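Notes to accompany the following structure.
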Amino acid sequence: MNIVRVALDLPLPRLFDYLAPDSDESDIGRRVTVPFGTASRTGVIVAVAAASEQPHAKLKAVSAILRDMPPLPAEWLALCEFCARYYQTPLGEVTSFALPPMLRRGKLPRLKQPAEIAASPAPTPEIPRLMAAQQSAVKTILAATSFQTMLLHGVTGSGKTEVYLRAIDAVLARGGQALMLVPEIALTPQLEGRVASRFPTAHIVCGNSGMADAARARGFIEALSGRAEIVLGTRLAVFMPMPRLQLIIVDEEHDASFKQQEGLRYSARDVAIWRAHQLNIPIVLGSATPSLETFHHASTGRYAMLELPERAVAEAMPVVRIVDTRREKLQEGLSAALLAGLQQRLERGEQSLVFLNRRGYAPVLACPPCGWISRCTRCAANLVLHLADQRLRCHHCGFEARVPRACPDCGNVDLLPFGRGTQRLETMLAERFPDARVLRIDRDSASTPKKWQALLAAIHAGEADILVGTQMLAKGHDFPLLTLVGAVGADAALFAADFRAPERLFAQLMQVGGRSGRAALPGEVLIQTEYPDHPLYQALVDHDYLRFARNQLDERRIAGFPPFSFQAMLRAEARDMAQSLAFLAAARSVAEALADGVTLYDPIPMRLQRLMTLERGQLLVESGSRPALQAFLAAWMEKLYALKMPAGLRWHLDVDPLEF
Ligand code: ADP
Ligand code: ZN
Ligand code: ZN
């Protein structure tokens, strides 16, 4: 008698057995619909067995095994099983997450017949001659025929993408498939265009969460059937089944968007490395500012280090200057040096960018006489003033309200915006430079992909003189007319509570600086700061990532932070903080008996204590050994599932957390 073991999307760390008389081994990896309670559910068959631990009388029969597409390969199931184990998440939740929603629901998209796939006219792509460093990187990548993690370290414009394209070319020539992961920003279309024009006859599939249901499911099946040769996508694409996968590339590997912050809290970069290991294939991690974890592995020899020390096109790196603002009276936050730089670019018909990583007009609206400030009623956070549409908005929960005419507490009509966001800078710059065309680029002005594309097109067409933007602008775009970048308000990140804040700041400033001077015109970067001697800024002046990275690693070693330790965070949220902290305290006390070689910290409120009316606490656990931490977490989870919880309390575990 045949039993199928089914992974169902339920928050329970177990599989579910069903009777399936007509099933056999070839059904492993197929989707199946089963009765569950009074409803019907679709799951994935992960094993077939002759017997079940459940009493036979209790077993129900499957409704249908879906044999309408090839089964998910063993490698894909193994990948999901690894994620379930490593991130302490029920397997059914992982498989359900990894499948496109349409397939998850047991449906199938209409598949295009090969004849319908328009054969694009194939212009011969222009292929540049590789520079020596690129040449040697490509050679090393192509020589790797088994598992090897390689860090391709090169500044923006050093020709990393060109190296990826060469490596992909070789994989296609061998009849393999290549997977390229990129950060979650509206960058994919540009890159897709570049890849498509380089490989006009290849079948390329995109994978990201913003895609329409049917398109995503179709791409998944095309990858699974082996028809797609190149898969290009965001973190989600790491779960694309690819039977002939021979190479994985993770571009901008340091980017935080590779880590998912809800549900399955996985790092697509780390999962990709595991996948490459399991398949015994090479993986290339590319970045101008590698994450310190990756850099550490590359400098200890665990990863191979491939360096591209020079830019491929522009002669030189932009000149980085520090503007000491300690003794200067700034004008709306801008120094005389930056204002002069902007003026000069206007006169020369070049573009400038003022980088401020804070959107809105001002971070808070206040009533000085009585002390009222705009607070979110649901979160422990201020409401941000958005003057463009006269709203107060919470950037954490999305709550919004009209800007009040008078103070809600005392009736005073002179409310004052405090601090500065991109909208305020935009207004100020427009007043100060009345002839300049000022364009703001942030998540408000680029709220849809269409608006974002239109903004990019305007910049490229030279229809803007001064750009005001957040980190949205920092990545991957070539702006040939841009010759000046001014960074304001960067100091805040120097002393942030999160030990990764300096690493992020360095990467951001390096990236945003890399936007300038990418064509024939030389670039200049001005960083306004009250800490002109800070080693982080000094390393930027010298374009010295290595010095910065070694510095940071020394600090982390002393403090025992990653990559010198491994961490996991248990978070709980409830109606009030006492409940959250009590749950975490209980979790901590059941952990004590299990914590061999693992440090348990005290439960504390999260930095953003209240979100969406829920009060949140966290408990950090840490170990010098990943296996010790993993063994502990597995044992701990069992106890956690058994803990009594007050109604309404929710908890989750975040392995290798990025946010503190
Ligand atoms: P990265 O990915 O490191 O930012 P790219 O591969 O996008 O760099 O290269 C930057 C620019 O330089 C692109 O316009 C690219 O076409 C060009 N380029 C790259 N390699 C070469 C080369 N060997 N010779 C000439 N131009 C190159
Ligand atoms: Zn809120
Ligand atoms: Zn007041």
Side-chain angles (χ1 to χ4, degrees), residues 125-138 151-168 180 182-183 187 190-191 193-195 197-198 249-253 255 284-290 306-315 317 360 363-384 391-401 404-416 474-480 510-511 513-515 517-520 545 608-616:
E126 232 179 81
I127 303 178
R129 273 195 54 203
L130 292 182
M131 302 181 300
Q134 285 174 311
Q135 185 88 54
S136 109
V138 170
L151 167 60
L152 182 61
H153 177 217
V155 293
T156 353
S158 61
K160 294 186 293 298
T161 309
E162 189 56 42
V163 170
Y164 306 147
L165 294 175
R166 297 294 174 113
I168 292 173
M180 180 162 176
V182 294
L187 250 190
Q190 272 99 335
L191 189 61
R194 191 161 163 196
V195 175
S197 69
R198 177 61 72 89
I249 292 161
V250 184
D251 190 28
E252 310 282 1
E253 66 84 30
D255 196 279
V284 180
L285 311 179
S287 178
T289 49
L306 314 173
E307 301 254 21
L308 301 182
E310 278 161 31
R311 281 185 154 188
V313 275
E315 331 278 87
M317 296 289 289
V364 68
L365 185 66
C367 172
C370 86
W372 174 86
I373 57 169
S374 55
R375 291 286 284 175
C376 180
T377 51
R378 304 192 287 194
C379 308
N382 293 337
L383 291 174
V384 176
R391 311 292 282 178
L392 291 173
R393 282 207 179 85
C394 175
H395 285 189
H396 299 283
C397 75
F399 172 84
E400 56 176 80
R405 275 177 218 292
C407 171
D409 284 358
C410 75
N412 165 31
V413 292
D414 291 324
L415 298 178
L416 279 187
K475 290 171 201 167
H477 298 281
D478 282 319
F479 300 129
M510 189 96 165
Q511 258 172 342
R515 298 303 110 215
R518 292 200 69 181
Y545 167 82
L608 182 64
Q609 290 198 12
R610 192 170 70 253
L611 177 67
M612 297 282 274
T613 72
L614 293 175
E615 308 235 315
R616 317 180 314 153

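Remember, predicted model here, so these are calculated numbers, not experimental data. Counting starts at 1 for both ligands and their atoms, following the listed order.
- In Ser158, the parts holding a heavy atom less than 4.0 Å from any atom of ligand 1 are both the side chain and the backbone.
- Going from atom CG of Leu614 over to atom CD of Gln609 covers 13.5 Å, rounded to the nearest 0.5 Å.
- Remark: the backbone N or O of Leu608 is paired with a side-chain donor or acceptor of Arg616 at under 3.5 angstrom.
- Near Gly159, meaning under 4.0 Å from one of its heavy atoms, ligand 1 places the atoms 1 (P), 3 (O), 5 (P), 6 (O), 8 (O), 9 (O), 19 (C).
- For the pair Leu392/Pro404, a side-chain contact is recorded, criterion being any heavy-atom separation below 4.5 Å from C-beta on.
- Counting all heavy atoms, side chain and backbone alike, Val155 lies closest to Ala288 at CA-CB, 3.7 Å.
- Atoms of ligand 1 found under 4.0 Å from any heavy atom of Met131 (numbered from 1 in listed order, with element): 23 (N).
- Here Val155 has backbone heavy atoms under 4.0 Å from ligand 1, and that is the only part of it that gets that close.
- Ion pairing of Glu162 with Arg198 is present here, as a side-chain N (NZ or NE/NH1/NH2) and a carboxylate O approach within less than 4.0 Å.
- For ligand 1, the polar-atom distance check against Lys160 finds a nitrogen or oxygen pair separated by under 3.5 Å.
- Applying the 4.0 Å criterion to heavy atoms of Arg129 picks out, from ligand 1, the atoms 22 (C), 23 (N), 24 (N).
- Residues Tyr545 and Pro290 meet the side-chain proximity criterion, which asks for heavy atoms closer than 4.5 Å.
- In this structure, the side chain of Lys160 does not engage the main chain of Leu152 through any donor-acceptor pair within 3.5 Å.
- To the nearest 0.5 Å, atom CE of residue Met612 and atom SG of residue Cys379 are 7.5 Å apart.
- When atom types are taken as modelled, the side chain of His153 and the backbone of Gly286 share no donor-acceptor pair closer than 3.5 angstrom.
- For Asn382 (side chain) and Val384 (main-chain N/O), no donor-acceptor pair under 3.5 Å exists by modelled atom type.
- The distance from the Zn ion (ligand 2) to the nearest N/O/S atom of Cys394 is under 2.8 Å.
- Near the Zn ion (ligand 3), less than 2.8 Å away, sit the protein N, O or S atoms Cys367 SG, Cys370 SG, Cys407 SG, Cys410 SG.
- Among the backbone and side-chain atoms of His395, no N/O/S atom is found under 2.8 Å from the Zn ion (ligand 2).
- Counting heavy atoms only, Gly157 comes closest to atom 4 (O) of ligand 1 of the residues Gly157, Ala288, Gly286.
- Evaluated by nearest non-hydrogen atom to atom 13 (C) of ligand 1, the leading choice among Arg194, Glu162, Gln135, Arg311 is Arg194.
- Annotation: side chain of Ile127 is not in contact with side chain of Leu165 (no heavy-atom distance under 4.5 Å).
- Taking any N or O of Ala312, backbone or side chain, none lies under 3.5 Å from an N or O belonging to ligand 1.
- Annotation: side chain of Val163 is not in contact with side chain of Leu306 (no heavy-atom distance under 4.5 Å).
- At a 4.0 Å heavy-atom cut-off, ligand 1 touches Leu130 through the backbone alone.
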